[in-house]
Amino acid sequence: MDRQLLSGDEAVALAAFHAGVSLGTGYPGTPSTEILEAFDALGGRAQWAPNEKVALEVGLGAAFASARVIVTMKHVGLNVAADPLFTAAYTGVSGALIVVSADDPGMSSSQNEQDNRRYAIAAGLPMLEPSDSQEAYDFFFTAVEVSERWKLPVLYRMTTRVCHSKSVVTPAGRGDGASAAPAMGPTPAPATHFEHDISGRVMIPANARPAHRRLRAKLAEIAAWAEAAPINRVERGGPDPGIVTSGVAYLHAVEAAPQASFLKLGMTHPLPLGLARSFAASVDRTVVIEEGDPVLADALRAAGIAVEPGAEMYRFGELDVARVRRILARDTSPEPAPARGKPPELCPACPYHTVYATIRKLDLIAAGDIGCYSLGVLPPYQAMDTCVAMGASIGVGLGLRHALPPEEARRVVSIIGDSTFVHSGISGLVEMAYNPPETGHVVIVLDNGTTAMTGQQEHPATGRRLDHGPTARLSIEGIASAIGIDSVTVIDPYADPDGFESLLRERLAAPGLSVIVARRPCILAAADIRRYEQQAAGLRAAAAASPEQAAFDLPLSTD
Amino acid sequence: MSRIVNVVLAGLGGQGVIKASDILADAALRAGRDVKKAEVHGMSQRGGSVTSDVRFGTAPEDRVLSPMVPRGEADFLVVLAASEVEVTRASLGPDGVILAPDLIPEADLPNKRSLNVALLGALSSHLDLPVDAFLEAMRAALPERLHAVNERAFELGRRVASAAAAGRVPEDGR
């Protein structure tokens, strides 16, 4: 028996590889990042997109061509991808499109704890929720089956504990009907082809009106299927309590109340309301144990099924066994304070120390962004005044400049990392050139040559692909100049802190528009970056020596 | 009585907490047990507090449910940084055992960075997992050039833990 200890992320990657997924794309975001890295390591085709919207669009195109595709992102990434997502529910797909939303209840590494089960309801898409790594593997095949049968994208909701916990996985089907995984080993990728379907895929209003009706009809069919699908199951125990649950909350609940009866939902949209109704009727008391918002409880109560949600206090943060015990006991007394350990900080040799020391010294108003450099908000610098969403530093900085009196407006800077700049900072820079504040504005791009916070992933401005092999490099300073920014300067703030300070003072005093690219490799990534560059140089030399070899097609060793 | 062994490992980013919990979980897997391991990645990479929970069955048929050790139910708390003992003490059960860095004589440690494996050695002397499962898991998790030094660290941990259990001062020697 081939038992492996895998994280949920690794299990999804393995399932995607076994299910004949021919393309994986996404944008790094904790806790989803490792899925595509593991898919690449297995030999799958995995690539980072500049942001989640582009990733989903690339995935949708591939699925229009009948491919099986996985697109990965963290929960807030789905906000970025929401525009194509909602209409992809109308167009549907020809192959399979599995969109992983990795939610972060408790916000271990996120700016909010939005519950993306709401997206399944809002967009009208089926949603599957595994509880552990075995289910993360098994359910993926069901997701592919549902996606291909109803020709719809499927949302695959994981949470921090499902993504990052490791548990035992036996790959390939267990033959018990609970898994759609093939018992005989990996499935080859289906052949791709294109068929015109203008009325199905061109969502002008005349086509979108019937498409919306088709979507609702598909959801009704899926709801009927879900009533008897093995992915939703009743585990019969005693009559009090009966527990309706999904995801990792199910495991906490079984441990907290082993004597209970369970309705364990693997598909949380659309819901098997008939199954839920008969389950609730079969027990004395039905409690919904769910992490985050009362999504299941609200849906069941709206359907007239008498269920009891957890108290409002349990909406916040993750659940665990102790909290589930409290919910079942209707205990709303104050909870013990969680242990507060040492907070994270910028690495001792981080090139950003100089930048934050200068911002603090000059007493600036700093519109910040998402990344390692968010740690500039913590002591000793406390040099960040806003942090809202990927790319928001530039727009928020511009708004502050527009609204504040000139002497205060001149103290506003926007601070954004290299990967974040490519993700969604570029359109902010376009806005800056288009609607410049009267006092001008200064954007500092902290370019450490990697997506550092999520574990040093590549992005378009590193000039390397997900597998660290060479590709075209986006020039941050080049794009700033092309957008029409008056003055664009590249400086190493670590090598020349005094030069950085005088440059920043000068630009703040000037009325124009400035971009300062503060460039120095992440201290954690520097050695790897040097190695990748040497490998790329070696490939270029080899290609020059024998031009018939296409350098970019050569595999790169990253060991 | 619980049929699940609950271990919480704690320390600071960069100390090898996650590596130690990977080795422990793999050792349990190699011993044929059901095992789950949970930790929070991300921010902890930047020098902050790191904890990792490992739970495994005492027999092959025992199933682990929640991946997280319930607060106050850890059988063992393995702490790599003295500063983290008080921070994580609440995870420990009433009869739980703390294995802290002061257990390992620093002078005897073949390499300071092997403290995680030395404490795993100490933990192993409390568990009914085969020593070979630990050593195989350690070798699978670390590059070959680090095997010898970590085998010595593991052995040191086992020696001091069994000496401590026997209530005597360990003999020096390697």
Side-chain angles (χ1 to χ4, degrees), chain A residues 3-5 7-8 29-31 33-34 104 106 108-110 131-133 160-168 248-256 258 318-325 335-348 350 372 374-375 378 452-456 524, chain B residues 2 4 6 8 10-14 18 21-22 24-30 32-57 60 63-73 81 83-91 137 140 143:
Chain A
R3 298 163 76 236
Q4 301 181 40
L5 189 61
S7 70
T30 309
T33 312
E34 294 88 342
D104 190 13
S108 66
S109 195
S110 302
S131 297
D132 61 9
S133 299
T160 299
R161 295 296 178 175
V162 177
C163 290
H164 281 170
S165 296
K166 288 189 177 180
S167 57
V168 180
V248 73
Y250 159 74
L251 295 165
H252 303 323
V254 177
E255 184 160 341
E318 298 189 285
L319 293 182
D320 56 24
V321 174
R323 297 190 92 199
V324 172
R325 287 190 189 119
E335 297 178 271
R340 283 276 167 253
K342 184 172 173 287
E345 54 192 32
L346 290 173
C347 299
C350 176
C372 275
S374 304
L375 297 174
L378 300 173
M453 196 61 175
T454 48
Q456 301 149 38
L524 297 176
Chain B
S2 170
I4 302 297
N6 292 320
V8 173
L12 298 173
I18 306 292
S21 67
D22 277 337
L24 172 60
D26 188 26
L29 179 79
R30 284 166 192 269
R33 312 294 176 79
D34 189 27
V35 57
K36 286 185 178 171
K37 169 178 139 71
E39 69 252 341
V40 170
H41 299 202
M43 289 283 188
S44 54
Q45 289 174 5
R46 305 293 179 270
S49 297
V50 182
T51 67
S52 179
D53 295 0
V54 179
R55 317 185 75 193
F56 57 91
R63 295 270 80 86
V64 181
L65 295 166
S66 170
M68 294 134 79
V69 173
R71 184 184 170 103
E73 294 184 21
S83 63
E84 298 300 295
V85 172
E86 286 316 310
V87 176
T88 51
R89 191 183 289 276
S91 61

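What you are looking at is a predicted structure, and each value in this text was computed from that prediction instead of being measured. Reminder, nothing fancy here: chain letters follow the sequence lines and each chain counts from 1.
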Discussion item. Which residue is it: A/Val162, A/Val248, A/Asp132? I am looking for the one with a side chain to side chain contact (heavy atoms under 4.5 Å, CB included) to B/Pro67.
Written reply: A/Val248
Worksheet item: Which residues pass the side chain to side chain donor-acceptor pair (under 3.5 Å) test with A/Arg161, sequence neighbours left out?
Response: A/Glu318
Worksheet item: Which one of B/Leu29, B/Asp22, B/Val54 satisfies the side chain to side chain contact (heavy atoms under 4.5 Å, CB included) criterion with A/Lys166?
Response: B/Asp22
Response to the item:
Those residues at least two apart in sequence (or on a different chain) that pass side chain to side chain donor-acceptor pair (under 3.5 Å) with A/Asp104 are A/Ser108, A/Ser110, A/Thr160
Worksheet item: Say you draw a straight line from CG of B/Asp34 to OG of A/Ser167; how long is it, rounded to the nearest 0.5 Å?
Response: 8.0 Å
Worksheet item: Side chain, backbone, both or neither: which part of B/Arg33 has an atom under 4.5 Å from a heavy atom of chain A?
Response: backbone
Practice prompt. Measure B/Ala25 against the heavy atoms of chain A and call it side chain, backbone, both or neither at under 4.5 Å.
Written response: both
Discussion item. Can you tell whether the side chains of A/Lys342 and B/Glu86 come within less than 4.0 Å, N to carboxylate O?
Written reply: no
Worksheet item: B/Lys36 and side chain to side chain contact (heavy atoms under 4.5 Å, CB included): which partner among A/Leu251, A/Leu5, A/Val168?
Response: A/Leu251
Practice prompt. Pick whichever of B/Ser21, B/Ala28, B/Gly32 has the most heavy-atom pairs under 4.5 Å with chain A.
Written response: B/Gly32
Fill in: Proximity breakdown for A/Leu319 and chain B, heavy-atom pairs closer than 4.5 Å
backbone
Item to complete: Could you have a look at B/Val87, B/Asp26, B/Leu65 and say which one has the most heavy-atom pairs with chain A under 4.5 angstrom?
Response: B/Leu65
Fill in: Side chain / backbone / both / neither for A/Arg325 at chain B, heavy atoms under 4.5 Å
side chain
Discussion item. Salt bridge or not between B/Arg55 and A/Glu255? Use side-chain N to carboxylate O under 4.0 Å.
Written reply: yes
Worksheet entry | NE2 on A/His164 to NZ on B/Lys37, rounded to 0.5 Å | 11.0 Å
